[in-house]
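One structure is given below, encoded as C-alpha cells.
Numbered from 1 within each chain, the chains take letters A, B, ... in sequence-line order.
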Amino acid sequence: MTSIASTDTSLGRRFLGGPLRTAILAVAVVAVVAFAAMGWFGVSWYRAAHGRSLAVGMDRDALLGDAQRAMVTLNTLDYRRVQDGLTLWEQSTTGSLLSQLRANRDAYARAITASAAVTSARVLDAAVASLNDSAGTAEVLVGVDVTSQSEQGDPSCAHRRVQLDMVRAGSAWKVGTLAPVGDAYSEPGPCSPGTSPR
Amino acid sequence: MTTPTAAQLAPTETVAKPPRRVTAVATLVALVIVVVMALGLAAWFRGEANQLTGSAAASNDALVDADANAQVSAQVREAVQRIYSYDYARLDDNERAASAVITGPYVQSFHQDFARVRDLAPAQQAVVVATVPALAVKALDGDRAIVLVFLDQQAHQGDQAKPLVASGRLSVTAQLVDGRWKIADAEPF
C-alpha cells in the first residue's frame, strides 16, 4: 500500500510538473496581483466616496445650484399670474423670508397687480461665501440682472448684488433671508441677453 | 520485485491519472475565472474612484480647504481695494502699490487703465476709495482661484462735499505667485 501511495504521488507530480503546473502557478500569481489591484482600487473608491472633502464639495455645488434657481424664481414675476408666482416664491424660501412672504402675500399680490409689470431674471455669477455643513446654513453671493417691463413704460434693467442666507430644508437648500448688497444700478432698456451664466 | 510493482502500477495509473489531471485543469479554470472577476472588479472600482476624484466637485477646493480659502479671500480683498483706489496727489505711489499685487496679462491692462486715471484724476482732484463689502471664492484649484467680488468705490472730487458712489461686480482670477495671491484678471459683469 505504501509503495502504491508513494508511486501514486510521484506520478501525480509528474503530471503536475508539466506545463499544467506552470500554468497554474502563473495564473495563481496573476490572481494575487489582480486581488491586490482590486483591493487598492476598492479602498480608493471608498476613500473618495466617504472623504469629507468630496462631501463638502458636492454640498457646495448643490447649494450653489439651488441658490441660483431660487434667485431667478424670486426675481421673476408676472402681474397676470401673481398667485402662481407667489406660490413659487414660497416654495423656494424658508424661515423668516417665508414667514414674511406668507404674512404679506395679499399686499404683495395687490402691489404686483397694480404695477402691471413683468420681470425676468438672469444670474450672471454666484459663489458660496460660507458653508456650515453640520448646521445646514450657508451664505451665497449672487450677481443677478433683472429686466422689468411694465405695461405702460419702457423696459429697464437692474444690476443687483444680493447676499442670500441659505438654509438646508430636507434634500434642498432654500432662501432664509435675502439682502441686497448696496443699491442696484439700473439703466433703461432690457438687460443684455449675454452669454450663458458663468 | 519490479515486475509485480509494474503490474500493480499499470492499473493504478489508469485509474489515478484522469482525476489528477481533471483536478489540475479544474484548478486552472477556477483560477482564471477568479482572475477575470478580480480584474473586472478592480477596473470597476478604479472607474468609480476616478469619476469621483475627477469630478468638478472634487477638483474645486473652494470652501473645502478652509485655510487656503481664507487666504485667498483676505489677499484678493486687499489686492482689489488697492487696485481700485487712488488719490490724484499720490498716483505714483498708488500705481507702485498696485503693481505688487497684479500678475500675468492683467499687468498690461491695469497700466492701460491707470494711464486714463492719470489723464483725468488730477483735473478732477479725484480721490477714490475702493471697498469690498462682500466676496466669495467660487473656485480654488492649486495656485489658481476665481473669486466673485462686490466692489464699492467712493469718489471724492475737489471741493464737492458729497462723494459719488459706484457699485460693481467683478469676476476676479487670482494666481498664487511666490506665496501671494495676485490678481491675474478682473472682469466686471
From CA spacing to verdict: side chain to side chain donor-acceptor pair (under 3.5 Å), B/His111, B/Glu95 | CA-CA 8 Å; B/His111 288 299; B/Glu95 190 164 12; 2.6 Å; yes
Count the heavy-atom pairs under 4.5 Å between each of B/Gly168, B/Ala66, B/Gly40 and chain A, then report the option with the highest count.
-> B/Gly168
Give a yes-or-no answer on whether the side chains of A/Arg160 and A/Asn75 include a donor-acceptor pair shorter than 3.5 Å.
-> yes
Exercise: do B/Thr131 and B/Arg77 side chains pair donor with acceptor under 3.5 Å | no
Take B/Gln154 and B/Val128 through the test side chain to side chain contact (heavy atoms under 4.5 Å, CB included) and record every step on the way to the result.
-> CA-CA 6 Å; B/Gln154 277 209 336; B/Val128 174; over 6 Å; no
Check step by step if salt bridge (Lys or Arg N to Asp or Glu O under 4.0 Å) holds for A/Asp78 and A/Arg81.
-> CA-CA 5 Å; A/Asp78 185 335; A/Arg81 287 190 292 274; 3.2 Å; yes
Count the heavy-atom pairs under 4.5 Å between each of A/Ala49, A/Gly42, A/Ala37 and chain B, then report the option with the highest count.
-> A/Gly42
Is it the side chain or the backbone of B/Val137 that comes within 4.5 Å of chain A heavy atoms, both, or neither?
-> backbone
Of A/Val43, A/Leu54, A/Leu64, A/Leu141, the largest count of non-hydrogen pairs under 4.5 angstrom with chain B goes to A/Leu141
Which residue out of B/Val34, B/Asn60, B/Thr27 racks up the most heavy-atom pairs below 4.5 Å with chain A?
-> B/Asn60
Interface moiety of A/Arg161 toward chain B, non-hydrogen atoms closer than 4.5 Å = both
Identify which part of A/Val181 has an atom lying under 4.5 Å from any heavy atom of chain B, answering side chain, backbone, both or neither.
-> side chain
Assess whether side chain to side chain contact (heavy atoms under 4.5 Å, CB included) is satisfied between A/Leu97 and A/Thr177, documenting all intermediate values.
-> CA-CA 5 Å; A/Leu97 186 55; A/Thr177 61; 5.5 Å; no
Fit a plane to each ring of B/Phe110 and B/Phe114, take the angle between them on a 0 to 90° scale, and name the class: parallel (under 30°), tilted (30 to 60°) or perpendicular (over 60°).
-> tilted
Under 4.5 Å heavy-atom distance to chain B, tell me which part of A/Asp183 shows up: side chain, backbone, both or neither.
-> backbone
Using a cut-off of under 4.5 Å on heavy-atom pairs, state which of A/Asp61, A/Val56, A/Val128 scores highest against chain B.
-> A/Val128
Flag the one option from B/Met37, B/Arg169, B/Gln51, B/Glu48 with the top tally of heavy-atom pairs under 4.5 Å to chain A.
-> B/Arg169
What part of B/Ala43 lies closer than 4.5 angstrom to a heavy atom of chain A: side chain, backbone, both or neither?
-> neither
Verify salt bridge (Lys or Arg N to Asp or Glu O under 4.0 Å) between A/Arg69 and A/Asp66, making sure each step is shown before the conclusion.
-> CA-CA 5 Å; A/Arg69 280 185 288 276; A/Asp66 287 349; 2.9 Å; yes
Highest number of heavy-atom pairs under 4.5 Å with chain B among A/Gln163, A/Met58, A/His159 belongs to A/His159
Whatever's closer than 4.5 Å to a heavy atom in chain A on B/Val25 counts as both
If you count heavy-atom pairs under 4.5 Å between each of B/Pro133, B/Ala62, B/Ser73, B/Ala139 and chain A, which one has the most?
-> B/Ala62
Which atoms of B/Asp65 come close to chain A, meaning under 4.5 Å heavy atom to heavy atom: side chain ones, backbone ones, both, or neither?
-> neither
Between chain B and each of A/Ser53, A/Ala36, A/Ala62, count heavy-atom pairs under 4.5 Å; write down the option with the most.
-> A/Ser53
With only heavy atoms counted, which part of A/Val29 is less than 4.5 Å from chain B, the side chain, the backbone, both or neither?
-> neither
Rounding to 0.5 Å, atoms CG (B/Asn50) and CZ (A/Phe41) come to a distance of 7.5 Å
Does a donor on one side chain and an acceptor on the other come within less than 3.5 Å for A/Asp145 and A/Thr147?
-> no
Note: B/Asp119-B/Arg116 ion pair, threshold 4.0 Å (strictly below) | no
